[in-house]
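Order of the sequence lines fixes the chain letters, A, B, ..., with proteins taken first and strands second; residue numbering starts at 1 for each chain. Just so you know, these numbers come straight off a predicted model, no measurement behind them.
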There are 2 protein chains.
Amino acid sequence: MELDMEMIDKVQCKGTLEQKYNIIKNRYIMEEVIVPIAKALGLSLDEVIELFVREYDGAALYETHAFAEQARMACLGRKVDIDLGLCWICDFYGLISKREGDLIRKKVVEDVLVNNIPYKEALKRGRELLVKLLKSNKEIE
Amino acid sequence: MELDMEMIDKVQCKGTLEQKYNIIKNRYIMEEVIVPIAKALGLSLDEVIELFVREYDGAALYETHAFAEQARMACLGRKVDIDLGLCWICDFYGLISKREGDLIRKKVVEDVLVNNIPYKEALKRGRELLVKLLKSNKEIE
């Protein structure tokens with residue numbers, strides 16, 4: 001009897017694992033979650049899938065896709081901070097306010113991810129806005 | 001008499017401005033503060049100097065140099081977040097804890113800025129640490 005129970009557990013467990021693999025091998029989850037992480041880590045897709053299957057249950061795996069957009073936005077925001085020097089201009093030298101820095105970062109990120117403007121062009125627009133702001137602060141004071 | 005006072009004000013003001021320019025044209029401030037910001041903004045060095053002279057008094061200008069190290073660390077930390085996918089792995093998918101993510105970021109930044117290890121090599125070490133951590137979490141559980 002105990003052996004049977006053990007077998008059922010094993011079969012059920014295998015079933016659940018298989019279900020998890022099926023969920024995660026959904027095209028959108030693969031493209032938008034697994035591939036970017038595999039690239040960043042230099043791991044194979046299977047290795048990254050293993051990490052997710054281990055940490056997440058089936059329902060949570062479905063939801064990973066919803067977080068991908070937010071993660072992409074956060075990553076891109078960090079890139080904008082670097083490329084526009086916002087870490088310097090805003091965070092450390094206070095040449096513009098934190099609120100102004102947030103607005104510019106957000107605008108560039110939205111231009112790229114929502115309005116499909118190429119990053120280089122969106123960055124150029126963000127930079128123009130930033131310079132205008134820096135110079136107009138000058139006139140106000 | 002009033003005209004004289006006005007002249008004194010003007011001369012003093014000019015003196016202070018000249019002092020400010022002298023401070024900011026210190027080699028370290030130029031190299032470590034003005035040049036990186038000019039590059040990020042696509043402005044001339046003189047334009048960036050103007051921004052600082054306008055916003056800062058002499059004493060604060062002396063201190064700008066001290067902030068440069070911190071700003072560089074913050075910028076580099078953001079780059080590590082992107083290149084190691086920490087925005088995904090740590091912030092959004094919780095595959096490692098926030099504390100673990102902070103430690104890895106800090107290690108890479110210190111390797112580059114304190115230990116003079118080239119970024120690519122420091123990133124490689126950080127990635128190895130991250131993968132080891134991700135896989136060892138697996139064994140612990």
Side-chain angles (χ1 to χ4, degrees), chain A residues 32-43 47-48 50-56 60-61 63-64 66-96 123-124 126-128 130-131 133-135 137-139 141, chain B residues 32-43 47-48 50-56 60-61 63-64 66-96 123-124 126-128 130-131 133-135 137-139 141:
Chain A
E32 300 192 5
V33 181
I34 305 300
V35 170
I37 293 179
K39 273 190 191 164
L41 292 175
L43 292 179
E47 284 173 300
V48 177
E50 281 303 316
L51 293 174
F52 274 91
V53 166
R54 182 191 89 210
E55 292 285 338
Y56 281 58
L61 283 175
E63 286 171 7
T64 55
F67 285 118
E69 176 81 10
Q70 289 177 55
R72 227 178 359 254
M73 288 182 98
C75 258
L76 193 61
R78 284 177 171 80
K79 191 160 164 51
V80 174
D81 275 358
I82 297 169
D83 290 339
L84 290 186
L86 288 178
C87 351
W88 298 71
I89 293 160
C90 176
D91 297 354
F92 285 96
Y93 292 115
L95 297 174
I96 61 170
L123 195 69
K124 191 172 156 259
R127 185 178 288 119
E128 283 165 2
L130 175 57
V131 168
L133 196 66
L134 283 163
K135 296 200 167 177
N137 279 350
K138 183 180 185 175
E139 282 156 24
E141 281 173 12
Chain B
E32 301 193 4
V33 181
I34 305 300
V35 171
I37 292 179
K39 274 190 190 164
L41 292 177
L43 292 179
E47 284 173 300
V48 177
E50 281 303 316
L51 292 174
F52 274 90
V53 166
R54 183 191 86 208
E55 292 284 338
Y56 281 59
L61 283 174
E63 286 172 7
T64 54
F67 285 118
E69 177 80 10
Q70 290 177 55
R72 225 175 2 252
M73 289 182 96
C75 258
L76 194 60
R78 285 177 172 79
K79 191 162 164 49
V80 175
D81 275 358
I82 296 170
D83 290 340
L84 291 186
L86 287 178
C87 351
W88 297 71
I89 294 159
C90 177
D91 297 354
F92 285 96
Y93 292 115
L95 297 174
I96 61 170
L123 195 69
K124 190 172 156 261
R127 184 178 289 119
E128 283 165 2
L130 175 56
V131 168
L133 196 65
L134 283 164
K135 296 201 167 178
N137 279 351
K138 183 181 184 174
E139 282 155 23
E141 282 173 8

Just distance, no hydrogens or angles: give the donor-acceptor pairs under 3.5 Å from side chains in residues 86-95 of chain B, sequence neighbours left out.
from: Asp91(B); atom 1: OD2; to: Arg78(A); atom 2: NH2; distance (Å): 3.0
from: Tyr93(B); atom 1: OH; to: Thr64(A); atom 2: O; distance (Å): 2.6
from: Tyr93(B); atom 1: OH; to: Ala68(A); atom 2: N; distance (Å): 3.2

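When each of Gly42(B), Gly77(B), Ala40(B), Ala71(B) is checked for heavy-atom pairs under 4.5 Å with chain A, Ala71(B) comes out on top. Of the listed residues (Cys75(B), Ala60(B), Pro36(B), Gly85(B)), the one with the most heavy-atom contacts under 4.5 Å to chain A is Cys75(B). Ranked by heavy-atom pairs shorter than 4.5 Å toward chain B, the options Gln70(A), Glu128(A), Arg72(A) are led by Gln70(A).
In this structure, chain A has a heavy atom under 4.5 Å from the side chain of Leu43(B), while its backbone stays farther away. Interface residue Glu47(A): only side-chain heavy atoms are found under 4.5 Å from chain B. Heavy-atom distances place the side chain of Ile37(A), and not its backbone, under 4.5 Å from chain B. Of the two parts of Leu130(A), only the side chain, counted from C-beta on, holds a non-hydrogen atom closer than 4.5 Å to a non-hydrogen atom of chain B.
One distance of note links CG of Asp81(B) with NZ of Lys79(A); it measures 13.5 Å at 0.5 Å rounding. For the atom pair Leu134(B) CG and Glu55(A) CD, the distance stands at 8.5 Å (nearest 0.5 Å).
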Task: side chain to side chain contact (heavy atoms under 4.5 Å, CB included) evaluation trace for Leu76(B) with Met73(B) - done: CA-CA 5 Å; Leu76(B) 194 60; Met73(B) 289 182 96; 5.8 Å; no
